[in-house]
Number of protein chains: 2
Amino acid sequence: MRSDCPLNYGIEIFGDKWSLLIIRDLMFFGKRYYNEFLQSTEGIATNMLADRLAMLEKEKIIRKEKDSQHKQKIIYSLTEKGIDLLPIILSIGLWSEKYATIELNPNRDMILSDARKSVPRRVEKMKKKLLKEHSPTA
Amino acid sequence: MRSDCPLNYGIEIFGDKWSLLIIRDLMFFGKRYYNEFLQSTEGIATNMLADRLAMLEKEKIIRKEKDSQHKQKIIYSLTEKGIDLLPIILSIGLWSEKYATIELNPNRDMILSDARKSVPRRVEKMKKKLLKEHSPTA
DNA sequence: TGACACTGCTTGTATTTTGCAAGTGGATGC
DNA sequence: GCATCCACTTGCAAAATACAAGCAGTGTCA
């Protein structure tokens with residue numbers, strides 16, 4: 001680690017171009033499988049994805065389980081530590097919505113609209129829902 | 001741009017290992033000069049710093065002015081677009097405070113303590129203060 | 001039982017980004 | 001008028017990323 005600054009700590013863990021996008025896919029789009037992450041429009045390379053998933057698991061931001069139905073499949077889900085990235089993701093979204101100089105996807109607006117007014121209470125509600133969705137061996 | 005997702009938009013602009021640290025130095029530590037940014041404990045290289053400052057100015061997150069007293073000096077300050085990164089920075093700090101596995105700098109706690117309880121109102125107050133500090137030709 | 005396809009990866013290599021050290025040109029100080 | 005400060009720039013090595021191909025384990029169907 002380069003310093004003991006809390007901001008730097010977060011940046012060193014998820015401050016790359018891919019980690020938060022993987023979290024987003026888990027959080028808002030119900031993605032759970034390796035192949036699903038690969039198909040996101042940003043186009044992550046397969047070795048990068050493998051690398052980030054391993055890192056996020058090591059940091060206990062996501063967890064990895066075998067799919068009991070299909071033995072070759074692996075299910076990824078968020079831990080509470082991962083779910084608590086929600087306020088960060090929403091605040092980045094709200095900033096972009098305010099300042100983006102390109103046209104943003106209007107569907108994503110619906111996700112942000114929940115956060116737009118009173119952030120903390122809405123975030124609490126969303127967190128509870130996510131905790132249910134991402135409970136182990138769901 | 002890789003996609004029209006609001007989260008991705010933010011990541012593509014300030015989602016590297018240095019940009020938010022520069023913003024932090026402007027926001028909380030009153031740094032205004034090139035040399036001051038160089039001296040931060042994370043140790044940014046001078047070419048990286050020059051590159052990021054140029055990018056942040058191009059994105060209108062910071063502004064660049066000549067110091068009227070010392071003509072060789074250049075003053076950097078935040079625009080409102082830059083000041084509005086505050087909720088993002090605070091939410092990263094709060095997450096780190098909750099989950100960091102290393103010992104964090106306790107001085108930074110004081111910055112976060114403002115945000116800890118009721119985020120939006122505190123953020124509004126901090127934003128107003130920053131707008132004054134970073135008004136052009138201050 | 002064997003051929004084929006799907007799954008989550010790994011491996012190899014080209015390209016890009018970053019990091020480090022040294023240097024540059026225009027003030028400023030004495 | 002010479003050294004020093006300031007905001008950079010340049011050159012090169014090292015690391016991270018992107019792209020393409022391959023591979024082992026499982027499932028599917030004949």
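Hydrogens, waters and symmetry mates play no part in the numbers below; they use all other heavy atoms, side chains included. The model shown is predicted, which means the values in this text are computed figures rather than measured ones. Throughout, a chain's letter reflects where its sequence line sits, starting with A, and its residues are numbered from 1.
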Fill in: Between C1' of dG8(C) and CD1 of Ile44(A), the distance in whole Å
14 Å
Item to complete: Taking only the side-chain nitrogens and oxygens of Trp18(A), find out if one of them lies under 4.0 Å from OP1 or OP2 of dT17(D).
Response: no
Discussion item. Do Leu86(B) and Leu90(B) have side chains that approach each other closer than 4.5 Å (heavy atoms only, starting at C-beta)?
Written reply: yes
Worksheet item: Ignoring hydrogens and angles, does a donor from either the side chain of Gln72(A) or the base of dG8(C) sit under 3.5 Å from an acceptor on the other?
Response: no
Discussion item. In whole Å, I'd like the distance from the CG atom of Leu53(B) to the P atom of dA7(D).
Written reply: 10 Å
Practice prompt. Starting from the 5' end of DNA chain C, give me the residue, Tyr76(A) or Asn47(A), whose nearest nucleotide shows up first.
Written response: Tyr76(A)
Worksheet item: Which whole-number value in Å describes the distance from Met48(A) CE to dT13(C) P?
Response: 17 Å
Worksheet item: Within this structure, what is the OH-to-P distance between Tyr33(B) and dA7(D), rounded to whole angstrom?
Response: 8 Å
Worksheet item: How close or far is atom C1' of dT26(D) from atom NZ of Lys66(A), stated in whole angstroms?
Response: 12 Å
Discussion item. Salt bridge check, Arg24(B) against Glu42(B): does any charged N sit closer than 4.0 Å to a carboxylate O?
Written reply: yes
Worksheet item: Counting only side-chain N and O atoms of Asn35(B), is one of them less than 4.0 Å from OP1 or OP2 of dA7(D)?
Response: yes
Worksheet item: So, is Lys64(A) near the phosphate of dC9(C), with a side-chain N or O under 4.0 Å from OP1 or OP2?
Response: yes
Item to complete: Rounded off to whole Å, could you give me the CD-to-P distance for the Glu42(B) and dT18(C) pair?
Response: 16 Å
Item to complete: Can you tell me the distance, in whole Å, between the CD1 atom of Ile11(B) and the P atom of dT17(D)?
Response: 13 Å
Practice prompt. Could you state the atom-to-atom distance from CD1 of Ile74(B) to P of dG25(C) in whole Å?
Written response: 17 Å
Discussion item. On DNA chain D, compare the nucleotides closest to Lys17(A) and Thr46(A); which residue's is nearer the 5' end?
Written reply: Lys17(A)
Item to complete: Dump the intermediate steps for ring pair (Phe, Tyr, Trp, His ring centres under 6.0 Å) on Trp95(A) and Phe14(B), then the final yes or no.
Response: CA-CA 11 Å; Trp95(A) 182 89; Phe14(B) 53 78; 5.2 Å; yes
Response to the item:
On DNA chain D, more 5' by nearest nucleotide between Gln69(A) and Asp51(A) is Asp51(A)
Practice prompt. Go through the side-chain N and O atoms of Tyr33(B) and Asp67(B) and say whether any donor and acceptor fall under 3.5 Å apart.
Written response: yes
Fill in: Check against side-chain hydrogen bond (donor to acceptor under 3.5 Å, both in side chains), Tyr34(A) and Thr46(A)
CA-CA 9 Å; Tyr34(A) 194 91; Thr46(A) 176; 2.8 Å; yes
